[in-house]
Asker: 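Let me give you the structure first, and then I'll get to my questions.
Indexing begins at 1, ligand by ligand and atom by atom, following the structure's order.
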Amino acid sequence: MRTLALALVAVIIPAAAAAETPAGLAAQADEALKSDQTAWDFVEGITTEVGPRQAGTEAEARGRAWAQDWLSRNGFARVMLEPYKMDTWLRGAERAEVVTPFPQKLVIAALGDSGSTGEGGITAPVVGFSSYAKLEAAPAGSLKGKIAFIDHSMRVTQDGSGYAFAGPVRWTGPALAASKGAVAAVIRSVGTDDHRTPHTGGTTFAEGVKPIPAGALSNPDADNLERMLARAGARGAELTMKLVLTPRFVGQTESGNVVSEITGRDPSLPPVLLACHLDSWDLGTGAIDDGAGCGIIAAAARHVAAAGQPLRTIRLLFAGAEETGVWGGNAYAAAHAKEPVAVAMESDFGADRVWRLDTNFTATNPELYKRLANAVARFGVSTSAVDASGGADIEIARQQGGAVIELQQDGTRYFDLHHTADDTLDKIDPAQLRQNVAVWTQVVGILANEPGPIKPAE
Ligand code: ZN
Ligand code: ZN
């Protein structure tokens, strides 16, 4: 008997050291799928009591205070505000109309960091470009005194890859048009809906370049302008547009990150970092972008804790000011540069279901990848060989060369709503939101109880 007992100990101990996932974790994840209320409570609460939370504004500050209170009431430890300063831009009036030859109003939203036309507006001829590449090919100086219309359209993809294709139109299209002499830029919304809801979002001008006025037309308005340009061209007529965009830069204001923890059994181990962003664009109430993300990560952390105190600390980063230039994620990376992170994950792609597990250690830690993949297969999550690079606010993990995971969500509907007035609570499907919480609970629970390195040194 004695010999047998020793033999069993010898076999069992190494196995237990490799994977200490609490027995109740799977049951917690299953429970989350059926009845999680935490994620909904967060996103319903912040969209109702705070609403739009544009970066650097008083509304974002109210969002931070609201989130701090919510985290404290929901059992999180070391709830802390980490303030920083940022350059803040505010929307003004926004109107667009075709003056000749087919006078009518168009629906437009200014892009973040757009310049101003002044109260009187700008009236100028419009030159259309059917793609970003066509604008790139336009000769230097050819847009002098003109409004450039960049009509590059976005297609629906489940993995959101259409954004990488269409995104540059918004990110750098206006600056490119300005470099060729344009007095203003109007883009087709980077979005996939057919509603008269323009999609805002940040655009970028190089340091020292004066921002030109830049706005996004709703997709139906862009369709109409495209037809009008074709008909005007066929008649040999010039199409002129009047644009009034009066946003302003208000200089440096305060923003901040809200951090909190579920303290682990061994706080000396590098933590598992879960991120989302608290700010939203000002047109909607920031439900899918990104109230849902903060609700999902907080709910998952609570479910993991309910299965037993995790080995590693779970740290939550509710980043501020993601939308206007990742100010919060960058401030966090700078302030915590010397604190190693075991693995980082961000939820910032709406509230529809998780369908694929991407990591940056699939090849280097195949045993752990397989364990994670097997654990979430029952929620309909598939494996992948795509190398994850992580969300915007987990820059710290990229700088440290650390492990990152992306729980890829179904992006089929995301860009119908993204950065529009339609980003509101009713667009969240509670069942799919709960599926997110279940998958995150399962994955975070395994990682937070993993003693060894998540991404072995290569
Ligand atoms: Zn976002
Ligand atoms: Zn966004």
Side-chain angles (χ1 to χ4, degrees), residues 39 42-43 46-47 50-57 59-60 63-64 67 86 89 91 109-114 154 159-164 166-171 187 189-193 197-204 216 255 257-258 274-298 316-330 332 344-352 354 389-395 406-411 413-425 427-428 433 436 440:
F42 182 90
V43 68
I46 198 162
T47 54
V50 184
R53 308 172 291 285
Q54 197 188 325
T57 66
E60 194 201 26
R64 282 192 294 283
M86 60 169 288
W89 171 96
R91 190 178 302 282
L111 299 178
D113 280 3
S114 162
M154 181 172 179
D159 65 1
S161 55
Y163 194 47
V169 172
R170 191 189 83 222
W171 304 328
I187 68 168
S189 279
V190 178
T192 51
D193 62 299
T197 45
H199 297 237
T200 190
T203 190
T204 317
S255 181
N257 294 322
V258 174
L274 310 183
C276 63
H277 65 86
L278 267 181
D279 67 306
S280 76
W281 278 108
D282 51 338
L283 303 178
T285 60
I288 66 153
D289 189 12
D290 184 27
C294 294
I296 289 164
I297 67 170
L316 265 54
L317 165 60
F318 285 10
E322 188 272 348
E323 296 292 5
T324 57
V326 199
W327 298 87
N330 291 337
Y332 186 87
M345 309 166 60
E346 179 157 14
S347 180
D348 182 19
F349 201 55
D352 281 350
V354 177
S389 55
D393 296 302
I394 55 172
E395 180 60 21
E406 289 180 29
L407 294 175
Q408 295 287 358
Q409 289 167 276
D410 185 344
R413 294 194 307 149
Y414 186 65
F415 290 103
D416 290 352
L417 310 168
H418 184 247
H419 297 182
T420 71
D422 261 351
D423 179 2
T424 48
L425 185 70
K427 309 307 184 303
I428 295 181
L433 182 69
N436 274 267
W440 276 75

Asker: What count do you get for protein N/O/S atoms less than 2.8 Å from the Zn ion (ligand 1)?
Answerer: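 Under the 2.8 Å cut-off, the count stands at 4.
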Asker: With ring centroids as reference points, do Tyr332 and Trp327 lie under 6.0 angstrom apart?
Answerer: no
Asker: Would you check if there is a donor-acceptor pair between the side chains of Glu346 and His277 at a distance under 3.5 Å?
Answerer: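 No - no donor-acceptor pair under 3.5 Å links their side chains.
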Asker: Is the backbone of Gly51 close enough, under 3.5 Å, to the side chain of Arg53 for a donor and an acceptor to pair up by distance?
Answerer: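 Answer holds: yes.
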Asker: Going by the angle between their ring planes, with limits at 30° and 60°, are His418 and Tyr414 parallel, tilted or perpendicular?
Answerer: tilted
Asker: Report yes or no: do Glu60 and Ser255 form a side-chain donor-acceptor pair below 3.5 Å?
Answerer: yes
Asker: Test your reading of the model: is there a side-chain donor-acceptor pair from Glu322 to the backbone of Asp279, 3.5 Å cut-off?
Answerer: no
